[in-house]
Amino acid sequence: MDFILFGVTAAIALIGAVAMLLSRNAVHSALFLLMNFGAIAVLFLLLQSPFLFTIQLTVYAGAIMVLFLFVVMLLGAEQVEATPDRIAWQRPLSLLLGLGLLGVAVVAALRGEMAAAPPGGEAALNFGDPAQLGALLFTKYLLPFEITGVILLIAVVGVVVLNQRGRQKA
Amino acid sequence: MVPTSYYILLSAALFILGVLGVLLRRNAIVVFMSVELMLNAANLALVAFARQRLSVDGQVLVFFVITVAAAEVAVGLALLVAIFRTKQTADVDEVSTLRG
């Protein structure tokens, strides 16, 4: 059962990623990426992390993708690649380098000791409980947690500063 | 349970697709989406390892990655809008003012 679910979800994730890469229209790209994010959220659920499943759906599939779609439609930048590529040799080289990186990644993934199935039983039963994660967030990771608050504040200020009009230096 | 290596292989494949997106596409917004795809692939690997080792720390790390990614997307898209306003294009090849 696990294997079937994993296979179907992984296929959806890969199809979404490839379609995002290949579609000419940026709106279609965004929607295929949304499909990919949904599939990854289901994989999080398969890996016993219901909290991250929720976060993935609300923050990534909800907030971030809506922002992307807004900007694509606001700019009208659906199709900007009509002109021929100025750096023509870049395409075959990047395909070659990408395949090389894939080879290295596959070797690295297969060499590790994670070919065995992850442990189950007593310890795995209450693993991934959101309460557990929350407790860790407010004890061991309290300082990083507060720093993310500052990062979000800086992002808000940065966006406002970057997008204000009519206050250029005279 | 599905072995962890399957998840790692899927994560590697998604990451490579993101890399190819950054290298091949010239629409700045699609390049940005590819970066998000790479972040997601790394998140998937982190969650898979957390499950393998039965340690919630990996999930906390993914939580932080998602938070920082949200901030990064907001600032990045604001930059794109600013570039579009001055250059009237979202093609990364056109944005070459710094080139000597």
Side-chain angles (χ1 to χ4, degrees), chain A residues 2-3 6 10 13-14 17-18 20-21 26 29-30 33 36-37 40 43-44 47-49 52 55 59-60 63-64 67-68 71-72 75 77 80-81 86 91 94 98 101-102 105-106 109-110 114-120 123-124 127 132-133 136-137 141 144 148 151-152 155 158-159 162-163, chain B residues 1-10 12-21 23-30 32-34 36-37 40 43-44 47-48 50-52 54 56-57 59-60 62-64 66-75 77-82 84 89-91 93:
Chain A
D2 270 1
F3 279 91
F6 174 80
L14 283 174
V18 171
M20 183 212 76
L21 200 64
S29 285
L33 191 62
N36 176 277
F37 285 169
I40 288 180
L43 288 175
F44 283 173
L47 285 165
Q48 284 194 327
S49 33
L52 289 176
I55 294 285
V59 175
Y60 256 119
I64 292 183
L67 208 57
F68 265 113
V71 170
V72 171
L75 298 185
V80 295
E81 293 169 84
R86 245 189 252 173
R91 190 166 287 252
S94 59
L101 189 57
L102 183 64
V106 167
L110 291 180
M114 47 260 178
F127 168 76
Q132 211 179 348
L133 206 149
L136 212 55
L137 215 50
Y141 293 101
T148 51
I151 289 175
L152 286 175
V159 169
L162 277 172
N163 273 327
Chain B
M1 283 297 294
V2 183
T4 311
S5 57
Y6 286 26
Y7 285 99
I8 305 303
L9 285 176
L10 175 65
L14 288 175
F15 191 89
I16 306 302
L17 284 171
V19 170
L20 284 180
L23 291 175
L24 290 175
R25 299 299 303 264
R26 281 175 298 136
N27 189 339
I29 298 172
V30 180
F32 207 23
M33 286 182 208
S34 304
E36 294 307 310
L37 184 62
N40 254 286
N43 281 349
L44 184 62
V47 177
R51 175 70 184 82
Q52 165 87 6
L54 288 181
V56 191
D57 296 50
Q59 295 191 7
V60 177
V62 171
F63 172 78
F64 286 133
I66 291 177
T67 320
V68 174
E72 173 243 339
V73 165
V75 175
L77 286 177
L79 278 172
L80 275 183
V81 172
F84 197 86
T89 178
D91 191 334
D93 281 358

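Small disclaimer: the values here were computed from a predicted structure and weren't measured. Quick note: numbers below take in every heavy atom, side chains included, and nothing from hydrogens, waters or symmetry partners. Chain naming here is simple, since letters A, B, ... match the order of the sequence lines and numbering starts at 1 in each.
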Under 4.5 Å from any heavy atom of chain B, what part of [X] do you find: side chain, backbone, both or neither?
X: Tyr141(A); answer: both
X: Ala10(A); answer: both
X: Val59(A); answer: side chain
X: Asn36(A); answer: side chain
X: Leu133(A); answer: both

Distance in Å, [X] [atom1] paired with [Y] [atom2], rounded so as to fall on 0.5 Å steps:
X: Ile64(A); Y: Glu72(B); atom1: CD1; atom2: CD; value: 8.0 Å
X: Leu43(A); Y: Leu10(B); atom1: CG; atom2: CG; value: 6.0 Å
X: Thr67(B); Y: Ile151(A); atom1: OG1; atom2: CD1; value: 8.5 Å
X: Leu47(A); Y: Gln52(B); atom1: CG; atom2: CD; value: 10.5 Å
X: Tyr6(B); Y: Asp2(A); atom1: OH; atom2: CG; value: 12.0 Å

For the candidates [options], which exhibits the highest count of non-hydrogen atom pairs separated by less than 4.5 Å from chain A?
options: Val73(B), Leu37(B), Leu77(B); value: Leu77(B)
options: Leu9(B), Val62(B), Asp57(B); value: Asp57(B)
options: Leu80(B), Val60(B), Val81(B), Val68(B); value: Val60(B)

>> With chain B as the partner, which of Phe3(A), Phe68(A), Phe44(A) has the greatest number of non-hydrogen pairs under 4.5 Å?
In response: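 The candidate making the most pairs under 4.5 Å is Phe68(A).
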
> Any idea which of Leu52(A), Leu33(A), Leu14(A), Leu137(A) has the most non-hydrogen atom pairs under 4.5 angstrom with chain B?
Replying inline: Leu52(A)

Closest approach of [X] to [Y] (non-hydrogen atoms, all atoms of both residues):
X: Ala13(B); Y: Leu102(A); answer: CA-CD1, 4.1 Å
X: Ser49(A); Y: Val47(B); answer: OG-CG1, 3.4 Å
X: Pro144(A); Y: Phe64(B); answer: CB-CZ, 3.7 Å
X: Leu21(A); Y: Arg25(B); answer: O-NH1, 2.9 Å
X: Leu162(A); Y: Ala78(B); answer: CD1-CB, 3.9 Å
X: Ala26(A); Y: Met33(B); answer: O-CE, 3.7 Å

>> Can you tell me which portion of Val19(B) sits under 4.5 Å from chain A's heavy atoms? Options are side chain, backbone, both or neither.
In response: side chain

>> Please classify the contact of Ile16(B) with chain A as side chain, backbone, both or neither, using a heavy-atom distance under 4.5 Å.
In response: side chain

> Would you say Leu75(A) and Ile29(B) make side-chain contact, with heavy atoms under 4.5 Å?
Replying inline: yes

> Hey, are the side chains of Phe37(A) and Glu36(B) touching, using non-hydrogen atoms and a 4.5 Å cut-off?
Replying inline: yes

>> Does Asn43(B) form a side-chain contact (heavy atoms from CB on, under 4.5 Å) with Ile40(A)? I'd like the steps, not just the answer.
In response: CA-CA 9 Å; Asn43(B) 281 349; Ile40(A) 288 180; over 6 Å; no

>> Taking ring pair (Phe, Tyr, Trp, His ring centres under 6.0 Å) as the definition, give me every residue that meets it alongside Tyr7(B), ordered by chain and number, with sequence neighbours left out.
In response: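 With sequence neighbours excluded, Tyr7(B) shows a ring pair (Phe, Tyr, Trp, His ring centres under 6.0 Å) to Phe6(A), given in chain and number order.
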
>> Test of understanding: with ring pair (Phe, Tyr, Trp, His ring centres under 6.0 Å), list the residues that count as partners of Phe15(B), not counting sequence neighbours.
In response: none

